[in-house]
Undergrad: 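A single structure is presented below for examination.
Note that the structure is predicted; figures quoted are calculated from it, not measured. Naming convention: chains lettered A, B, ... in sequence-line order (proteins, then strands); numbering from 1 in each chain. Reckoned from all heavy atoms, side chains included, excluding hydrogens, waters and symmetry mates.
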Protein chains: 2
Amino acid sequence: MKSDKISEAVVRRLPVYLRFLNDLQKREISTVSSQELGQKLDLNPAQIRKDLAYFGDFGRKGIGYDVSYLIEKIRHILKLDQQINVALVGAGNLGHALSNYNAYLKDTMKITAIFDAYEPKVGQQINSLTVQPMSQLGDTIRAQGIRIGIITVPDSEAQNVADILVDSGIEAILNFAPVILKTPSNIRIHAADFTTDLQSLAYYLHDGKDEAEDEQQ
Amino acid sequence: MKSDKISEAVVRRLPVYLRFLNDLQKREISTVSSQELGQKLDLNPAQIRKDLAYFGDFGRKGIGYDVSYLIEKIRHILKLDQQINVALVGAGNLGHALSNYNAYLKDTMKITAIFDAYEPKVGQQINSLTVQPMSQLGDTIRAQGIRIGIITVPDSEAQNVADILVDSGIEAILNFAPVILKTPSNIRIHAADFTTDLQSLAYYLHDGKDEAEDEQQ
DNA sequence: TAGATTGTTAATCGATTAACAATC
DNA sequence: TAGATTGTTAATCGATTAACAATC
């Protein structure tokens with residue numbers, strides 16, 4: 001296939017494929033079919049083939065997909081074959097936790113700067129990074145070529161921080177604050193809001209006997 | 001309208017509505033139209049009206065929606081009008097961060113127990129909760145009527161923890177580990193995987209000049 | 001009454017799944 | 001060759017949006 005505009009649903013599945021392929025590689029499995037992938041990832045095999053076919057002919061009929069080759073291709077599609085620097089704004093507990101994932105993200109993505117507005121936090125060491133004052137944000141982003149920002153500040157500051165990130169030339173934002181950020185349309189925003197997740201989970205709790213039952217299938 | 005099976009997309013928007021309505025209430029705004037909601041939340045007004053109409057006739061023609069009334073209704077739909085106890089498994093940095101949200105979740109949802117498999121962690125105090133050993137999990141879940149589990153353990157333990165949670169009678173899981181959990185179909189699972197989020201964000205970074213451009217619109 | 005806004009039906013759009021020829 | 005599995009087209013399914021009568 002190749003080309004066409006790719007839907008967000010497709011893009012969001014690519015990292016899931018990648019994760020599992022990495023796993024297969026670690027286990028020294030060199031080939032995998034869409035069928036096997038589908039089974040392990042709870043997805044329809046046709047969907048997986050279609051997703052991959054948007055980007056090229058990566059498989060071999062009768063055989064399946066070569067694990068190493070597919071990893072390489074997906075990494076390229078996701079731009080994970082180059083280093084992407086990430087800035088973390090908000091050195092609270094959550095920011096702290098996320099900065100630990102540096103090891104996991106490996107070479108490809110990396111939090112390379114941490115900022116906080118709160119005076120006493122500035123200068124603290126978090127996993128070998130020094131917390132910088134907000135006034136440094138623009139300079140550091142430009143100096144380090146940082147392209148993605150993670151927002152872990154309190155709700156009330158999130159929009160303000162987003163504005164500053166955008167002004168500093170950031171291209172995408174991962175927002176942990178439970179607010180809808182307003183930014184120019186060329187800035188990509190993903191909401192990573194754990195309270196929304198939890199609250200929608202509650203909907204699916206089994207009802208007590210006193211409730212109309214909505215959820216048989 | 002009322003009834004029909006409600007899609008997950010709808011359910012996931014309800015907490016977003018709720019959050020904004022709470023905001024309006026704080027600002028003492030008593031009425032809101034689907035138009036205003038749509039504008040602030042970046043959603044189509046017709047979609048908002050349709051979402052709400054699945055659950056009842058909450059608005060008034062020519063007027064809009066009464067903020068307090070709609071809050072009450074959505075809280076009921078999401079079962080946030082009763083206390084829901086939550087267990088957190090994994091007292092690492094991320095678990096630590098999440099436990100702070102107790103204040104935010106208020107009365108309705110509450111992390112009431114924290115567990116960790118690592119001996120030295122057991123007994124530690126985290127925000128007035130004592131970290132319990134995994135062996136206590138079943139007993140505590142049953143004793144406290146805990147219905148939702150949050151998994152913040154390392155990848156390799158996540159499935160094991162999920163199994164234990166399911167055995168202990170949990171109904172829903174919020175999973176922060178980047179793995180696909182296998183559970184019975186009556187258990188609701190939401191993936192809250194920050195690495196997947198970040199990696200899919202990278203796709204949307206603007207290409208360098210050396211790349212075929214996929215992303216004009 | 002005139003203006004605003006809902007609830008709902010119909011139209012559109014997009015995403016998932018089935019099916020199958022091509023081919024390893 | 002027979003069996004397996006891709007890439008892709010067509011069919012299905014579902015979600016979003018437009019439009020409008022009802023009505024505050």
Undergrad: With sugar-phosphate meaning primed atoms plus P, OP1 and OP2, does A/R49 contact a base, only sugar-phosphate, or nothing at under 4.0 Å between heavy atoms?
TA: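 Answer is base: heavy atoms of A/R49 come under 4.0 Å of a base.
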Undergrad: If you find the nucleotide of DNA chain C closest to A/R13 and the one closest to A/G62, which residue's nucleotide is nearer the 5' end?
TA: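 Result: A/R13.
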Undergrad: Rounding to an integer number of Å, can you tell me how far B/Q47 CD sits from C/dT6 P?
TA: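 In whole Å, C/dT6 P lies 14 Å from B/Q47 CD.
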Undergrad: Which is more 5' along DNA chain C, the nucleotide nearest A/I63 or the one nearest A/A46? Just name the residue.
TA: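 In this pair, the answer is A/A46.
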Undergrad: Go through the structure and list residues passing side chain to side chain contact (heavy atoms under 4.5 Å, CB included) with B/H96, not counting sequence neighbours.
TA: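 Only A/N93, B/I126 meet the side chain to side chain contact (heavy atoms under 4.5 Å, CB included) criterion with B/H96.
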Undergrad: Does the pair B/K40 and B/E36 meet the rule for a salt bridge (charged side-chain N to carboxylate O under 4.0 Å, His left out), with working shown?
TA: CA-CA 6 Å; B/K40 298 300 184 146; B/E36 291 166 64; over 6 Å; no
Undergrad: How close or far is atom C1' of D/dA15 from atom CD of B/E8, stated in whole angstroms?
TA: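 Rounded to the whole Å, the gap is 13 Å.
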Undergrad: Does a side chain donor of either A/D51 or A/Q47 reach within less than 3.5 Å of an acceptor in the other side chain?
TA: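 Side-chain D/A pair, A/D51 to A/Q47: absent.
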Undergrad: Distance check: side-chain N/O of A/S7 vs OP1/OP2 of C/dG14, anything under 4.0 Å?
TA: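 For C/dG14, neither OP1 nor OP2 has a side-chain N or O of A/S7 closer than 4.0 Å.
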Undergrad: Once you apply the 3.5 Å cut-off to both distances, tell me the Watson-Crick or G-U wobble partner of D/dT23, or none.
TA: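 The base-pairing partner of D/dT23, which may sit in any strand shown, is C/dA4.
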Undergrad: Do A/R188 and B/H206 pair up side chain to side chain, a donor and an acceptor below 3.5 Å, judged on atom types alone?
TA: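 Absent: no donor and acceptor within the cut-off.
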Undergrad: Determine which nucleotide pairs with C/dA15, using a 3.5 Å limit on both distances of a Watson-Crick or G-U wobble pair.
TA: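 Here C/dA15 is engaged in a pair, and the nucleotide opposite it is D/dT12.
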Undergrad: Provide, to the nearest angstrom, the distance between the CG atom belonging to B/L52 and the P atom belonging to C/dT8.
TA: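 For the pair B/L52 CG and C/dT8 P, the rounded distance is 12 Å.
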Undergrad: In whole angstrom, give the distance that lies between atom CG of B/N44 and atom C1' of D/dA19.
TA: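 The answer, rounded to whole Å, is 12 Å.
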Undergrad: Return the nearest nucleotide to the side chain of A/A9; candidates are C/dT16, D/dG7, C/dG7.
TA: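 The closest nucleotide is C/dT16.
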Undergrad: Could you tell me how far apart A/K50 (NZ) and D/dT5 (P) are, to the nearest whole angstrom?
TA: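 After rounding, the gap between these two atoms is 21 Å.
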Undergrad: Calculate the interatomic distance between A/R60 atom CZ and C/dA22 atom C1'; express it in whole Å.
TA: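 Distance check: A/R60 CZ to C/dA22 C1' gives 15 Å.
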Undergrad: Provide, to the nearest angstrom, the distance between the CZ atom belonging to A/F58 and the P atom belonging to C/dT23.
TA: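 Result: 19 Å.
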Undergrad: Side-chain N or O of A/Y65 less than 4.0 angstrom from OP1 or OP2 on D/dG7?
TA: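 Yes, because at least one side-chain N or O of A/Y65 sits under 4.0 Å from OP1 or OP2 of D/dG7.
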Undergrad: Is the backbone of A/A91 close enough, under 3.5 Å, to the side chain of A/D116 for a donor and an acceptor to pair up by distance?
TA: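 Between the backbone of A/A91 and the side chain of A/D116 there is a qualifying donor-acceptor contact (under 3.5 Å).
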Undergrad: Could you state the atom-to-atom distance from CD of B/Q35 to C1' of C/dG3 in whole Å?
TA: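 Those two atoms, CD and C1', are 13 Å apart.
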